[in-house]
Amino acid sequence: MRIVHTLADLRQHLLPFRHPAVVPTMGNLHAGHLALVRAAKPLGDVTVATIFVNRLQFGPKEDFDSYPRTLQADCTQLEAAGCDLLFAPSEAELYPQPQTFTLQPDPALAGILEGHFRPGFFTGVCTVVLKLLACTQARSALFGKKDYQQLLIIRHMVRQFAMPVEILGQDTHREADGLAMSSRNGYLSVAERAQAALLARTLAQCAQAVRAGNTAFDVLENQALQTLRDAGWMPDYVAIRRQSDLQAARADAPLVVLGAARLGTTRLIDNLEI
Ligand code: PAF
């Protein structure tokens with residue numbers, strides 16, 4: 001695997017290829033990321049991963065400084081997963097001047113759920129993803145479904161700007177107890193880790209109730225919130241929404257239940273398609 005840190009080197013190494021398949025990440029890779037890399041392999045003529053901890057998508061009180069940076073271990077894992085090229089730019093390389101042009105996603109989609117609790121998050125995500133897709137000349141790009149709203153917004157962005165890239169979503173990878181894999185799981189204490197799968201279980205109960213015909217969505221959401229609070233979590237939201245646009249659920253549309261909650265100081269998100 002080639003590792004490049006500059007745009008010039010990236011462009012040089014991409015010259016012979018017509019169809020880069022790209023997995024954008026912020027590093028600290030887990031099995032979910034590596035599954036994306038393996039899924040990317042047959043989609044293009046070169047498999048590219050990016051590692052960049054994007055300051056623009058972190059709020060002032062969020063964990064930008066403490067976000068785990070594990071480049072060495074990430075490289076070993078990417079190589080084993082069959083990645084051909086890693087682009088790991090420094091901040092000065094990707095943002096040589098302050099990024100004064102940013103991308104404002106539609107507030108109907110980006111101002112709700114995660115966007116409501118993390119103002120500016122999707123502006124930061126879209127701005128860097130647009131830039132990374134342009135730099136890597138991606139023709140396919142893969143993202144995990146754990147960040148369901150992010151995936152939807154990136155799909156809309158690519159469509160709105162007629163970008164020549166196919167966006168693919170991959171199912172969430174889970175630990176044996178159901179906890180969705182996330183780089184932030186590493187922040188959990190042993191005691192917190194032991195109860196971290198409650199979020200996934202609670203969403204699964206909601207999904208099960210909807211599948212069984214329960215359409216009292218508000219009641220189900222409130223029950224889920226209470227379950228989490230009773231166990232000492234601080235939930236931001238549990239929401240049953242339409243898969244297509246994350247707007248209010250209707251019984252005749254494909255639905256998804258999404259949740260975000262803080263366990264101690266760690267904020268976890270998860271979702272399940274119904
Ligand atoms: O999901 C992530 O890891 C990040 O939001 C992404 C898509 C790499 C953009 O920084």
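Start at 1 and go down the list; that is how both ligands and their atoms are numbered. Residue numbers run from 1 in the order of the sequence given. On a predicted model such as this, the values are computed, not experimentally measured, just so you know.
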(request) Indicate yes or no: at least one non-hydrogen side-chain atom of R139 is less than 4.5 angstrom from one of P20. (result)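 Yes, their side chains come closer than 4.5 Å.
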
(request) Using a 4.5 Å cut-off on heavy atoms from C-beta on, say whether the side chain of D236 contacts that of R267. (result)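 The answer is yes; the side chains approach within 4.5 Å.
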
(request) Consider every N or O of Q150 and every N or O of ligand 1, then say whether any pair is closer than 3.5 Å. (result) yes

(message) Please check whether T25 reaches ligand 1 - meaning an N/O of the residue sits under 3.5 Å from an N/O of the ligand, judged on distance alone.
(response) no

(request) Report whether F161 and L133 are members of the same hydrophobic cluster (ILVMFWY, side-chain heavy atoms less than 4.5 Å apart, transitive linking). (result) yes

(message) A cation-pi test, strictly: NZ or CZ of R155 under 6.0 Å from the centre of the six-membered ring of Y148 and no more than 45 degrees from its axis. Yes or no?
(response)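 Output no; distance or angle outside limits.
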
Closer than 4.0 Å to some heavy atom of [X] - which atoms of ligand 1 meet that?
| X | answer |
| --- | --- |
| P24 | 8 (C) |
| V128 | 9 (C), 10 (O) |
| Q57 | 4 (C), 5 (O), 9 (C), 10 (O) |

(message) Just by distance, no angles: are the side chains of Y67 and N54 close enough, under 3.5 Å, to form a donor-acceptor pair?
(response)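 No, N54 and Y67 have no side-chain donor paired with an acceptor closer than 3.5 Å.
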
